[in-house]
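Quick notes on the structure that follows.
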Amino acid sequence: MCARFTLSDLEDLATAFSLLSAPVLEPRYNIAPSQRVVVVGRKPDGSGRGAVPMSWGFVPHWAKSPTDGPRPVNARAETIQTSAPFRDSFRSRRCIIPADGFFEWLKVERKKVPYLFRPRDGGYLGFAGIWDIWQSPTTEPLYTCAIVTVCANATLRPYHERMPAILSPADYDAWLDAKTPAHTAHDLLRPAADDFLQVIAVSPAVNRAANNTPECIAAL
DNA sequence: CCAGACGTTGTT
DNA sequence: GTCTGG
DNA sequence: CCAGACGTTGTT
DNA sequence: GTCTGG
C-alpha cells in the first residue's frame, strides 16, 4: 500500500510541520516511486524540524548498488524492527513524509479504478517513514526513504489490506526523536481511526505516473 | 569459514 | 510473463 | 502503484 | 552491515 500519493496544497506545509521552508515549490498531484519526495526530520543539532528531498524507494546503506535488489517503497510495521534492511533506520533514522492524500485501486472488469483517500476534515497527513543514505566513492550520496505500513482500517479494507501509518501531530516529535525508545516509537504505528479518512473516486489520469495535474485528485 | 541474501505489494 | 522507470 | 519495454545477428 | 546456509 501506499505506492502513490499527493502533496498538492503547499500553503500550510511549513506551518503544519513547523518548518521555516520546504524544498518544494510546485504542488505534486501524483507522487510515484523513485520520484523526489519531501521528508521531514529533526535537524542534526536538535533545533526543530527540517525538510529534505529524498528519493522514494529504500536503498540500505550496505547495498552494492542502488539498482541491485528491489527498492521497497513500504516497510511493514510488523517486521521493521528485525528486517535487515530496515531495522537500523527504524532505530535512528525515522522521518515524516507529508501528504494530503494517497491512492488505492480497485480492479473492476480488468480495469484499475483509482480512489483518493484524504482526511475527512482536510489538512495534512504525516506518514511514518524511515530513511537511509547510500554512498559510493564515485557518486553523490543517495538519500532514500520508505513509508511504514500497517493493517488497513475499516475505510481502507474494501480497497486494500494495508495502509500507510499516519502519525497524529501530537506524536511527531516522539517519532522523529532518535532518543525515543524503539518500543515507544513502534507503539505510534497504528491504523488511522475509521472516521478519519474519506474516499473519493478520481480519474484514471492518476494511473500514469507522468500525469501530474489537478485532474489526478479531482472528484469524478 | 565464506558466499549470498536481505525488502514490499499483489495475485494466483 | 517479468522487469524497469516514473 | 501502473505503463511500457522486453530480443538477436549482422550489417551499415 | 549482519545473519543464514552450506
Side-chain angles (χ1 to χ4, degrees), chain A residues 1-7 24 26-38 53-95 97 99-118 125 127-137 141-152 156-165 182 189 191 199-213 215-217:
Chain A
M1 259 349 51
C2 197
R4 210 62 86 72
F5 65 97
T6 182
L7 180 56
V24 190
E26 306 268 329
R28 304 276 302 281
Y29 301 98
N30 191 7
I31 300 173
S34 83
Q35 295 181 351
R36 296 292 248 182
V37 300
V38 178
M54 293 192 189
S55 177
W56 186 24
F58 193 89
V59 178
H61 59 88
W62 42 258
K64 291 177 191 70
S65 91
T67 50
D68 174 45
R71 288 184 51 173
V73 295
N74 298 134
R76 294 176 65 90
E78 295 89 334
T79 52
I80 197 169
Q81 296 192 81
T82 52
S83 85
F86 300 143
R87 59 191 166 198
D88 291 343
S89 289
F90 178 76
R91 262 187 261 117
S92 57
R93 289 182 294 276
R94 297 186 294 264
C95 62
I97 299 169
D100 42 32
F102 60 96
F103 301 96
E104 295 296 349
W105 285 259
L106 280 186
K107 216 192 292 178
V108 178
E109 291 168 5
R110 301 209 177 158
K111 296 197 168 180
K112 299 281 192 164
V113 180
Y115 295 85
L116 170 65
F117 295 81
R118 65 180 198 194
L125 300 171
F127 296 145
I130 54 174
W131 61 276
D132 207 345
I133 307 176
W134 183 88
Q135 285 179 289
S136 85
L142 174 66
Y143 288 74
T144 66
C145 61
I147 293 169
V148 182
T149 64
V150 294
C151 284
L156 265 294
R157 209 162 292 135
Y159 302 84
H160 208 300
E161 295 176 358
R162 310 285 301 172
M163 70 183 296
L189 303 174
V199 191
I200 298 170
V202 292
S203 158
V206 74
N207 291 8
R208 181 191 275 266
N211 293 339
N212 182 32
T213 66
E215 186 188 4
C216 294
I217 63 170

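The analysis underlying the following values was restricted to heavy atoms, covering all of them including side chains, and did not include hydrogens, waters or symmetry mates. Letters go in sequence order (proteins before strands), and every chain restarts at 1.
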Contacts of type side chain to side chain donor-acceptor pair (under 3.5 Å), residue A/Arg76, not counting sequence neighbours:
none

Specify the separation, in whole Å, of atom CE of A/Met54 and atom P of C/dG6.
21 Å

Between B/dC6 and C/dC3, how far apart are the P atoms? Round to whole Å, please.
14 Å

Which whole-number value in Å describes the distance from A/Trp56 CH2 to D/dC1 C1'?
8 Å

Taking Watson-Crick and G-U wobble pairs with both distances under 3.5 Å, convert DNA chain B into its dot-bracket string, 5' to 3', dots for unpaired and | for cross-strand pairs.
||||||......

Checking side chain to side chain contact (heavy atoms under 4.5 Å, CB included) between A/Ile31 and each of A/Thr6, A/Leu7, A/Ile97, which is the one that passes?
A/Leu7

Ignoring backbone atoms, test whether A/Thr149 places a side-chain nitrogen or oxygen under 4.0 Å from the OP1 or OP2 oxygen of B/dT9.
yes

So, OP1 or OP2 of B/dT9: does either fall under 4.0 Å of a side-chain N or O from A/Arg162?
yes

Between B/dT8, C/dG6, B/dT9, which nucleotide gets closest to the side-chain atoms of A/Ser34?
C/dG6

Whole-Å distance separating the CG atom of A/Leu106 from the P atom of D/dC1
14 Å

Atom-pair distance (CG on A/Asp132; P on B/dT8), nearest Å:
15 Å

Under 4.0 Å between a side-chain N/O of A/Thr79 and OP1 or OP2 of B/dT8, yes or no?
yes

Expressed in angstrom and rounded to an integer, what is the separation of A/Glu104 atom CD from B/dT11 atom P?
11 Å

Rounded to whole Å, please give me the gap between CG in A/Asn74 and P in D/dC2.
13 Å

For a quick check of understanding: with a heavy-atom distance under 4.0 Å over all strands, which category does A/Lys107 fall into, base, sugar-phosphate or nothing?
sugar-phosphate

Counterpart residues, side chain to side chain donor-acceptor pair (under 3.5 Å), relative to A/Ser65 (two or more places apart):
A/Thr67

Would you mind reading off the distance between A/Trp105 atom CH2 and D/dC2 atom P, rounded to a whole angstrom?
6 Å

Fit a plane to each ring of A/Phe58 and A/Phe86, take the angle between them on a 0 to 90° scale, and name the class: parallel (under 30°), tilted (30 to 60°) or perpendicular (over 60°).
perpendicular

Tell me what A/Phe86 touches on the nucleic acid: a base, only sugar-phosphate, or nothing, going by heavy atoms under 4.0 Å.
sugar-phosphate

Give me the distance, rounded to whole Å, that separates D/dC2 from B/dT11 when you measure between the C1' atoms they each carry.
15 Å

Acceptor/donor pairs from residues 199-211 of chain A side chains to any protein atom, 3.5 angstrom cut, sequence neighbours excluded:
residue  : atom : partner  : partner atom : Å
A/Ser203 : OG   : A/Ala205 : N            : 2.8
A/Ser203 : OG   : A/Glu215 : OE2          : 3.2
A/Asn207 : OD1  : A/Trp105 : NE1          : 2.7
A/Asn207 : ND2  : A/Lys112 : O            : 3.3
A/Asn211 : ND2  : A/Ala205 : O            : 2.8

My understanding is that only one of A/Phe117, A/Tyr159, A/Tyr115 makes a ring-ring contact (aromatic ring centres under 6.0 Å, His included) with A/Phe102; could you say which?
A/Phe117

Distance between C1' atoms of B/dC1 and D/dT8 (Å, rounded):
43 Å

Interatomic distance where CD belongs to A/Gln35 and P belongs to D/dC1 [whole Å]
16 Å

Write down the protein N/O and nucleotide N/O pairs, taken from nucleotides 3-6 of chain D, whose separation is under 3.5 Å; answer none if there are no such pairs.
residue : atom : partner  : partner atom : Å
D/dG4   : OP1  : A/Arg208 : NH1          : 3.3
D/dG4   : OP1  : A/Arg208 : NH2          : 2.6

When the P atoms of D/dT9 and C/dG1 are considered, how many whole Å apart are they?
26 Å

Checking all strands, does A/Pro85 fall into the base, sugar-phosphate, or nothing category for heavy-atom contacts under 4.0 angstrom?
sugar-phosphate

So salt bridge (charged side-chain N to carboxylate O under 4.0 Å, His left out) across residues 128-137 of chain A, not counting sequence neighbours, yields A/Arg93-A/Asp132

Whole-angstrom distance between B/dA5 and D/dG4, as gauged at atom C1':
30 Å

Quick test of your reading: applying salt bridge (charged side-chain N to carboxylate O under 4.0 Å, His left out), list the pairs with at least one residue in residues 53-75 of chain A, sequence neighbours left out, ordered by first then second residue.
none

Sorted by chain and residue number, the side chain to side chain donor-acceptor pair (under 3.5 Å) partners of A/Arg94 (sequence neighbours excluded) come out as none

Using every non-hydrogen atom in the two residues, find where A/Leu106 and A/Pro158 come nearest and quote the distance to one decimal.
CD2-O, 3.5 Å

Under the ring pair (Phe, Tyr, Trp, His ring centres under 6.0 Å) test, which residues partner A/Phe5, sequence neighbours left out?
A/Trp56, A/Phe127

Considering only side-chain heavy atoms of A/Arg4, which listed nucleotide, D/dC1, E/dG1, B/dT9, is closest?
D/dC1

